[in-house]
Structures are given as C-alpha cells and as structure tokens.
Novice: 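Once you've had a glance at the structure underneath, I'll fire off some questions.
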Amino acid sequence: MDKKAKEISRRLAAWYHKAKRDLPWRNTSDPYSILVSEVMLQQTTVSVVEPYYLRFLGAFPDVSALARAHEEDVLRLWSGLGYYRRARLLHAAAKSIVAQHDGRVPDNVTTLRGLPGVGRYTAGAVASFGYGKAAPIVEANSARVLTRLHAYRGALKGSKTKQALWDFAEELLPSDNAREHNYALMELGSLICVPVKPLCESCPIAFACAAHVNNLTDSIPPASPKPAKISVHFAGVVTERDGRYLVRRIPEGEWHHGLYEFPKITISAKTSCKKAREMLGDLVHLYGSCIDPAPCMSIKYTVTHHRVTLQVWRAYVKTADVVCDYPDILSWVSAEKLRKLPFGSAQKKIVKLITGRLDSLNTES
DNA sequence: GAGACGTGGTC
DNA sequence: TGACCAAGTCT
C-alpha cells in the first residue's frame, strides 16, 4: 500500500465516521446476520431491505433455525423482496453451514465462496464485516468510486474492468480496519459518488480522483446499454367458495416457482377483451361453474425487461364438484391460510385486499 | 459472456 | 410517466 492509498483510506475513514447512516446490519458483527443482510441487499435498496431483515432475523435468529425451516416459510418472509432464488440459496447455505461447517459461518473468502449464493462480493463482505478480515469488496457503489478514482473508462460489465476493479480495491485496502474501510467505500458511493451529479465538493477523496480533476465524472463509468422492454399481460381469477380461495402452487420450471398465485392466463397484445373473458370463463370452468366473472382490479408493474399488467377477476363458484387437473398444485385455502403462503409482489397485494376486506368486515360486526 | 432473475424508489 | 437505479450470482 503506497503513501497515496494510505492517505485516501485515512480520509475515507474519517469521513465515514461522521457521515455513516445507522443501519441495523452495521450494529452487529454476527456473521450470520451479516450474511442475511448481504444476500437481501443484492440488487435491492437499503430502505426496502430494512423491515425484511428485521422480520427474517426475528423468525430465524441463527443459522440452525434457518437450516431447520421449511422452504415455504423462508419464501414467505422473502415475499415481495424479489429474486426469490436468493432465498432458496440462502436457505441452502444455512443447511450447508450446519452440515459441513459445524454450524459456524466460515471466516475466509475461499470457504465462503463455496456456499450457495455466495459470490466474490458477498464472501468479501462477510469476511470483512463479520470477521474483520482484510478482504476487498467490489459492488455497484464501490465500483463507481474506484472507476472514477482511477478515471478507468472500461464498461462496468466487462471482465477486464471487473479484474481491474478488484485490483484497485485490493491496493486501497488497509491491512487493519478492513471492515470500516469497506463500509466507507460503499457509503461514499451511495451518498456522495452517486451515478448522476456526484457531490464532489463534499467528497473527502476528490483530491485524488482522476475523473474529478479531469472533469470526467459524467462519462465515467460509461452507461451500460439496457435491453428493450416488452409488454406481458396476465388475467387472473380470484375464485371463492364457502370462504375458501383457490390458489395454485407454482411448479418447478415456471416463473416464481415455489410461490403461490391465483390461477391466471397470459394475454397477448392481440387478445381482445371479449376473447380474454372467454378464456377466463374456460379457466374458471375447470374448477366448477362460475357466476359472471368481472374484472375488479388491475395492477401494473415492471420486471427487469418486461412491462407486466396483471388484471384480476373475481369469480364465485357455486358447485361443490370441482375439477382439478393438478390436485398437487391446486388447493382451496381459507383467508387465514392465504396470509401464511408466499406470494409474489403483485399477488401479495391481492391477498392483502381480500384479507383486508375480511378484517374490516370482522371489525364492523 | 450475455441473459435471467423482482421489486420499489426517484427524478 | 417512464427510464434508470440498487450491497450480485448463476448458467
């Protein structure tokens, strides 16, 4: 570590000491809690993660509790966070830690990387935040800081750039105090060295920043091209019979597998409203006969490169003879049970509407 | 190495 | 309102 790197790290640490946010996962050095927070924070913002993190640790306070849990309960606590594979991999990691590491989260990068869902970043984060090991980290925030610091022009996604960034991170890392140093680098990227209009006048390391000195912060790092979005439409039915609701467990191989949903159809751009009603009629007919399904709500949301519209229809089934083609994945559940099943974000809103309506009815009576 | 994988917040 | 962004990993 040369003299300049030392000075950068020193100023960074001093700034962090004054500017850091108070976040729940920074008040612990429990490696398991750190691991949970790091997985949740992958591609997800701090404000969204906070309540999920607290609930998750409340339900699974240690590795063995998570290892013992049913996958459905793990998914339910993840419901709404997205990237559900993370939840399954974290669950698998907990099982692996119990089975192969004597229940103790590994303390070195190499062993950590052997865990499901733990890549180079997360391994470095757990080693440095949880154990104070001198392990470098590179993620979106620190990557931005490092490319600007060195006025490195390569595209962020490129493999050459990635290697360069890990080299930069390693060079800058002090032999002691890696934990605070890594937090500081990320916090700087998060609060000061932001993607658009970075606050260089408030930056403690602007003096050493090649992009700042050369007025290149607008073009470094270069914007990465995004895939075009396409539209997808779904129509689903909420089918109720004697206070129970028909739900489908999404099977392996489908989007959101492992979660639950209300039976739905996919509508192409060319599907007319009339045709959609017919298809829904067929869908509902599978489960019995229905009384005039009518749309009751529409939810729009965006998924990576899809623009998704979900229309929800409500149907009332009047016969007790229900045809079930897939009895293993279709079931009638009470509103109470509905609350305890994992749903994706849009469908979770529907559950909330149903249970919320029932709650208000109960309160009135 | 490109593409898949979710969602909510921000400007 | 829409485009962009966020503590990545896996295939």
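Note on naming: letters A, B, ... go to the chains in the order of the sequence lines (proteins, then strands), and numbering restarts at 1 for each one.
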Novice: Rounded to whole Å, please give me the gap between OH in A:Tyr83 and C1' in C:dT11.
Specialist: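 After rounding, the gap between these two atoms is 15 Å.
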
Novice: Which residue pairs satisfy the side-chain hydrogen bond (donor to acceptor under 3.5 Å, both in side chains) criterion with at least one member in residues 207-220 of chain A, sequence neighbours excluded?
Specialist: none

Novice: Examine the base of B:dG8 for any acceptor or donor lying under 3.5 Å from a partner atom in the side chain of A:Thr44, and report the outcome as yes or no.
Specialist: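 Checked by distance alone, the answer is no.
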
Novice: Relative to the 5' end of DNA chain B, which residue comes earlier, A:Gly344 or A:Ser159, by the nucleotide with the nearest heavy atom?
Specialist: A:Ser159

Novice: Does C:dA6 have OP1 or OP2 under 4.0 Å away from a side-chain N or O of A:Arg144?
Specialist: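 For C:dA6, OP1 or OP2 has a side-chain N or O of A:Arg144 closer than 4.0 Å.
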
Novice: Give the nucleotide from the list B:dT7, B:dG3, B:dG8 with an atom nearest to the side chain of A:Thr45.
Specialist: B:dG8

Novice: Would you mind telling me which residue lines up with the more 5' stretch of DNA chain C, A:Pro116 or A:Ser224, judged by nearest nucleotide?
Specialist: A:Ser224

Novice: Which part of the nucleic acid, if any, lies within reach of A:Glu38 when heavy atoms closer than 4.0 Å are counted: base, sugar-phosphate only, or nothing?
Specialist: base

Novice: Please indicate whether A:Arg55 has more than 12 foreign heavy atoms, meaning atoms of other residues, nucleotides or ligands, lying under 6.0 Å from its CZ.
Specialist: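 More than 12 within 6.0 Å, yes.
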
Novice: Calculate the interatomic distance between A:Lys160 atom NZ and B:dA2 atom C1'; express it in whole Å.
Specialist: 19 Å

Novice: Starting from P on B:dG8, measure out to NZ on A:Lys348 and report it in whole angstrom.
Specialist: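 Taking atom P of B:dG8 as the reference, NZ of A:Lys348 is at 8 Å.
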
Novice: What is the distance from OH of A:Tyr84 to P of B:dT7, rounded to the nearest Å?
Specialist: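 From A:Tyr84 OH to B:dT7 P: 4 Å.
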
Novice: So that I know where these two stand, are A:Trp25 and A:Tyr53 an aromatic pair - ring centroids less than 6.0 Å apart?
Specialist: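 Aromatic pair counts; centres sit under 6.0 Å.
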
Novice: Table please: side-chain donor-acceptor pairs of residues 89-104 of chain A below 3.5 Å, with sequence neighbours left out.
Specialist:
from    : atom 1 : to      : atom 2 : distance (Å)
A:His91 : NE2    : A:Leu66 : O      : 3.2
A:His91 : NE2    : A:Ala69 : O      : 3.0

Novice: Does the C:dT9 base have a donor-acceptor partner in the side chain of A:Arg120 within less than 3.5 Å?
Specialist: no

Novice: Which part of the nucleic acid, if any, lies within reach of A:Leu81 when heavy atoms closer than 4.0 Å are counted: base, sugar-phosphate only, or nothing?
Specialist: base

Novice: Using a heavy-atom cut-off of under 4.0 Å over every strand shown, decide if A:Leu185 touches base, sugar-phosphate, or nothing.
Specialist: nothing

Novice: Using a heavy-atom cut-off of 4.0 Å across all strands, would you classify A:Thr122 as base, sugar-phosphate, or nothing?
Specialist: sugar-phosphate

Novice: For a quick test of reading the model: is some side-chain N or O of A:His257 closer than 4.0 Å to OP1 or OP2 of B:dA4?
Specialist: no

Novice: Which whole-number value in Å describes the distance from A:Leu41 CG to B:dG6 P?
Specialist: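 From A:Leu41 CG to B:dG6 P: 17 Å.
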
Novice: Please pick, from B:dT7, B:dG9, C:dA6, the nucleotide with the shortest atom-to-atom distance to any side-chain atom of A:Val48.
Specialist: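 Within the option list, the nearest is B:dG9.
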
Novice: Tell me the interatomic distance from A:Gln42, atom CD, to B:dG6, atom P, rounded to whole angstroms.
Specialist: 13 Å

Novice: A:Phe343 and A:Phe262: aromatic ring centres closer than 6.0 Å?
Specialist: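 When the ring centroids of A:Phe343 and A:Phe262 are compared, they turn out to be within the sub-6.0 Å range.
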
Novice: Counting side-chain heavy atoms from C-beta on, which of B:dG3, B:dG9, C:dG8 comes nearest to A:Lys157?
Specialist: B:dG3

Novice: Determine the sole option in A:Arg76, A:Glu72, A:Lys348 for which the side chain to side chain contact (heavy atoms under 4.5 Å, CB included) test with A:Tyr260 is passed.
Specialist: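 That would be A:Glu72; it is the only one of A:Arg76, A:Glu72, A:Lys348 passing the side chain to side chain contact (heavy atoms under 4.5 Å, CB included) with A:Tyr260.
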
Novice: Identify whether any heavy atom of A:Gly158 sits under 4.0 Å from a base atom; if not, whether one sits that close to sugar-phosphate; answer base, sugar-phosphate or nothing.
Specialist: nothing

Novice: Does A:Phe129 have A:Arg26 sitting over its ring (NZ/CZ under 6.0 Å from centre, angle to axis within 45°)?
Specialist: no

Novice: Can you check the A:Gln43 CD to C:dC10 P distance for me, whole Å?
Specialist: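 Rounded to the whole Å, the gap is 13 Å.
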
Novice: Mind checking the P distance from B:dG6 to C:dT11? Whole angstroms is fine.
Specialist: 14 Å

Novice: Nearest whole angstrom, please: distance from the P of C:dC5 to the CD of A:Glu139.
Specialist: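 In whole Å, C:dC5 P and A:Glu139 CD are 15 Å from each other.
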
Novice: Looking at every strand, decide which applies to A:Val118 at a 4.0 Å heavy-atom threshold: base, sugar-phosphate, or nothing.
Specialist: sugar-phosphate

Novice: Check every atom of C:dG8, B:dG8, C:dC5 against the side chain of A:Pro195 and return the nucleotide holding the closest atom.
Specialist: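 Selected nucleotide (nearest to the side chain): C:dC5.
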
Novice: At under 4.0 Å between heavy atoms, what does A:Ala125 touch on the DNA or RNA strands: base, sugar-phosphate, or nothing?
Specialist: nothing

Novice: Just call it for A:Arg88: base, sugar-phosphate, or nothing, with non-hydrogen atoms closer than 4.0 Å on any strand.
Specialist: nothing

Novice: OP1 or OP2 of B:dG8 sitting under 4.0 Å from any side-chain N/O of A:Ser345?
Specialist: yes

